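Predicted, not measured: the structure shown is a model, and the values here were computed from it. Throughout, residue positions are numbered sequentially from 1 according to the sequence presented.
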Amino acid sequence: MPNQTKKRARRRTKALPPGPAFKRICSLKSVTDLTAAVTAATLLEGALERALTKRMARMSAAEHNQLFHSGPLRNFQPKVDMGRALNLFGAETESDFRAVAQVRNEFAHSFSDVAFTTPRISKICFEMKRPDKRAVDLFSGKWGEEDQTLTDAEVLASPKFRFLKTVSTLLLLLEGSTVQRPKRDRAPWPRFNS
């Protein structure tokens with residue numbers, strides 16, 4: 001009988017790769033506000049989970065699930081806290097991550113009809129700093145039935161497009177980070193009792 005070694009199953013995140021994630025965000029321009037807010041924030045949360053796992057030591061599927069699905073990093077806010085602690089982004093970007101999470105929670109947990117034009121949500125979207133600083137041109141080209149191309153000023157004037165532009169820019173920022181898992185899975189000093 002040949003010597004068969006079982007590979008440890010490794011858990012991969014359910015996050016979409018960058019290309020399909022950006023296509024999905026572009027397709028959210030014409031859907032309802034609820035769908036756009038929840039889907040975009042979920043895509044961003046998946047990208048953040050992928051960036052965090054790149055920075056951590058390799059884990060088995062059970063360890064990953066325990067940490068990300070039933071443990072301390074199962075929600076969006078703790079993932080943002082961990083990303084800031086691991087120096088994936090700075091304080092200003094952290095505030096945009098928190099704003100995205102807050103908009104998603106407003107849509108997902110509201111008992112009344114909410115939209116991006118609701119004053120509470122609109123205020124959060126206009127306080128986002130990322131769209132003003134970095135232009136991500138994912139919104140050019142055909143727009144609806146009029147075959148209209150939007151300028152950057154028109155995108156920034158709409159809370160919905162401002163939100164989607166923030167999410168796409170944060171996705172780009174997470175995918176562009178060149179952090180990788182440490183080469184060694186063990187500490188450089190001797191471990192005791194292991």
For the residue pair [X] and [Y], what are the closest heavy atoms and their distance?
X: Leu171; Y: Leu43; result: CD2-O, 4.0 Å
X: Pro159; Y: Ser122; result: CG-OG, 3.7 Å
X: Leu164; Y: Ala40; result: CD2-CB, 3.9 Å
X: Gln77; Y: Ala101; result: NE2-CB, 3.5 Å
X: Thr39; Y: Arg24; result: CG2-CG, 4.2 Å
X: Leu67; Y: Met59; result: CD2-SD, 4.0 Å

With a 4.5 Å cut-off on side-chain heavy atoms, are Glu45 and Arg104 touching?
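The answer is yes; the side chains approach within 4.5 Å.
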Any side-chain heavy atom of Phe76 sitting closer than 4.5 Å to one from Thr42?
no
Heavy-atom donor-acceptor pair, [X] side chain to [Y] backbone, under 3.5 Å:
X: Arg162; Y: Ala157; answer: no
X: Asp96; Y: Lys129; answer: yes
X: Thr53; Y: Arg50; answer: yes
X: Thr118; Y: Arg120; answer: no
X: Glu63; Y: Ser60; answer: yes
X: Ser168; Y: Lys165; answer: yes

Out of curiosity, [X] [atom1] to [Y] [atom2], how far, rounded to the nearest 0.5 Å?
X: Ser95; Y: Arg84; atom1: OG; atom2: CZ; value: 10.0 Å
X: Ile121; Y: Gln102; atom1: CD1; atom2: CD; value: 9.5 Å
X: Glu127; Y: Ile124; atom1: CD; atom2: CD1; value: 7.5 Å
X: Leu88; Y: Leu48; atom1: CG; atom2: CG; value: 7.0 Å
X: Met128; Y: Glu92; atom1: CE; atom2: CD; value: 13.0 Å

Check: Phe126 ring centroid to Phe116 ring centroid under 6.0 Å
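For Phe126 and Phe116, the ring centres are not under 6.0 Å apart.
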Would you please name every residue forming a side chain to side chain contact (heavy atoms under 4.5 Å, CB included) with Asp81, sequence neighbours left out?
Glu94, Arg98
Greater than 12 external heavy atoms within 6.0 Å of Gln66's CD:
no
Let's go through Asp33 and Lys160 carefully: what are the C-alpha distance in whole Å and the side-chain angles of both, what is the deciding distance for salt bridge (charged side-chain N to carboxylate O under 4.0 Å, His left out) to 0.1 Å, and is it a yes or a no?
CA-CA 7 Å; Asp33 288 356; Lys160 179 178 182 179; 3.7 Å; yes
Can you tell me which residue pairs pass the ring pair (Phe, Tyr, Trp, His ring centres under 6.0 Å) test with a partner in residues 84-104, sequence neighbours excluded?
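Of all non-adjacent pairs touching residues 84-104, those that pass ring pair (Phe, Tyr, Trp, His ring centres under 6.0 Å) are Phe89-Phe97.
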Are Thr166 and Thr169 linked by a side-chain donor-acceptor pair shorter than 3.5 Å?
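Looking only at side-chain atoms, Thr169 and Thr166 do not form any donor-acceptor pair under 3.5 Å.
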Report the C-alpha separation of His64 and Glu49 in whole Å, then their side-chain angles, then the decisive distance to 0.1 Å, and conclude whether the side-chain contact (heavy atoms from CB on, under 4.5 Å) test is met.
CA-CA 11 Å; His64 184 276; Glu49 182 178 327; 3.1 Å; yes
